[in-house]
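The block underneath contains the structure these notes are about, expressed in structure tokens.
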Amino acid sequence: MINLGVIAVAGRGTNLLPLTKSQPKEMLPVGRKPIVQYVVEELIACHVDRLLFVTGPDKSAIENHFDVNPDLIRFLRVTGKEDVLRELAFEREDAEYFYTRQRHQNGLGQAVLCTEPFVRGHRFVVALGDTLLGLHRPSEVLTRMTGLFESQSGEVKGVIAFDEVGPREVDQYGIAAPRDIGAEYFELADLIEKPAMDQAPSRLAVAGRYVFSPILFDYLRKTPPTAAGNVELTDAVRLMIRDGHKVLGVRIPPGDRRYDIGSFESYYRAFLDFAMNDPVCGSGLREKLNG
Ligand code: G1P
């Protein structure tokens, strides 16, 4: 059973300044919860419940959010606000939380490399803390991915989730060159980080969820940094494939809406969708917006 999850939350969130000047982008509200709480709930629902966050400067709000807060619980009790206590139920999720800091912010690959002493030879999940999968309920794609990984008895070294994007978006994502597309999954012939529109081998974009064999760390160490000095996770996977290791792609189901909170536009879209589907305020809001 694959139960180790690495959640990458070290990015600076510069595209969302000034909102992210003193708060992590992963803590921005989407509907009733901060973004990263949805990610954690999705992983736990897929039985990935030993969670290591790779954090960076100014990310302590994330640690505070997942701590049990006895003062707040006491305050709610003595002030007769017991009904609000259920909003804190996530604090008691049956999960373990660990934190490490990426001391030099040199890319997603380098962030994942920081987790090697924790992962210690196990298979593990990587989830990006700024990507939400699923609107009405968390996506179950990770359960499919870990199941696929385990069913291939050691032959597969990686399983990655993909989502089809528009032609103008390919330069914002890791893009798959699929070998052959089957009904359930496809094998990757190559993976290219943020290709130009005319050089993209497909429109299948890495959707922020991965399952890896610990062999990934050998490749992360060998991955040359980009011109900007970043070690890209995509480039390490590319080296793995070139060395003959099998890496599979799984498409997220059409109902699992994906929100990549990387810009104000994508943030507003996510917030609006979640607000309009809010169990209490959603229908009123929809009426108002529909004029
Ligand atoms: C990262 C990955 C990219 C992936 C994307 C998904 O890019 O490097 O391969 O497709 O996340 O959101 P970033 O958005 O951090 O630039």
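Everything numeric here is computed off the predicted structure, so don't read it as measured data. In listed order, ligands and their atoms are each counted from 1.
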Legend entry - Heavy-atom nearest neighbour in the protein, as seen from atom 2 (C) of ligand 1, with distance rounded to 0.1 Å: Glu193 OE2, 3.6 Å
Inset, instruction - Report the member of Val165, Val237, Val206, Asp163 with the shortest heavy-atom distance to atom 6 (C) of ligand 1. - result: Val206
Legend entry - Heavy atom of protein closer than 4.0 angstrom to atom 11 (O) of ligand 1: yes
Inset, instruction - Consider only side-chain N and O atoms of Tyr219 and Asp235, and report whether a donor and an acceptor are under 3.5 Å apart. - result: no
Legend entry - Exceeds 12 heavy-atom contacts within 6.0 angstrom, atom CZ of Arg221: yes
Inset, instruction - Look at atom 1 (C) of ligand 1 and say which protein heavy atom is nearest, naming residue and atom and giving the distance to 0.1 Å. - result: Leu128 CD1, 4.0 Å
Legend entry - Donor on one side chain, acceptor on other, His65 and Gln37, under 3.5 Å: yes
Legend entry - Part of Asp130 with heavy atoms under 4.0 Å of ligand 1, whether side chain, backbone, both or neither: neither
Legend entry - Numbered atoms and elements of ligand 1 in range of Asp260, under 4.0 angstrom, heavy atoms: 12 (O)
Inset, instruction - Give a yes-or-no answer on whether the side chains of Tyr173 and Asp163 include a donor-acceptor pair shorter than 3.5 Å. - result: no
Inset, instruction - Fit a plane to each ring of Phe217 and Phe124, take the angle between them on a 0 to 90° scale, and name the class: parallel (under 30°), tilted (30 to 60°) or perpendicular (over 60°). - result: parallel
Legend entry - Over 12 foreign heavy atoms within 6.0 Å of CD, Glu82: yes
Inset, instruction - Nearest heavy atom to atom 7 (O) of ligand 1 wins, so pick from Glu232, Gln172, Lys194. - result: Lys194
Inset, instruction - Mark up the atoms of ligand 1 that fall under 4.0 Å of a heavy atom belonging to Thr234, in ascending order. - result: 9 (O)
Inset, instruction - Anything under 30° is parallel, anything over 60° is perpendicular, the rest tilted; go ahead and classify Tyr267 against Phe271. - result: perpendicular
Legend entry - Nitrogen or oxygen atoms of Gly174 and ligand 1 under 3.5 Å apart: yes
Inset, instruction - Would you please determine whether Leu233 falls within less than 4.0 Å of ligand 1 on a heavy-atom basis? - result: no
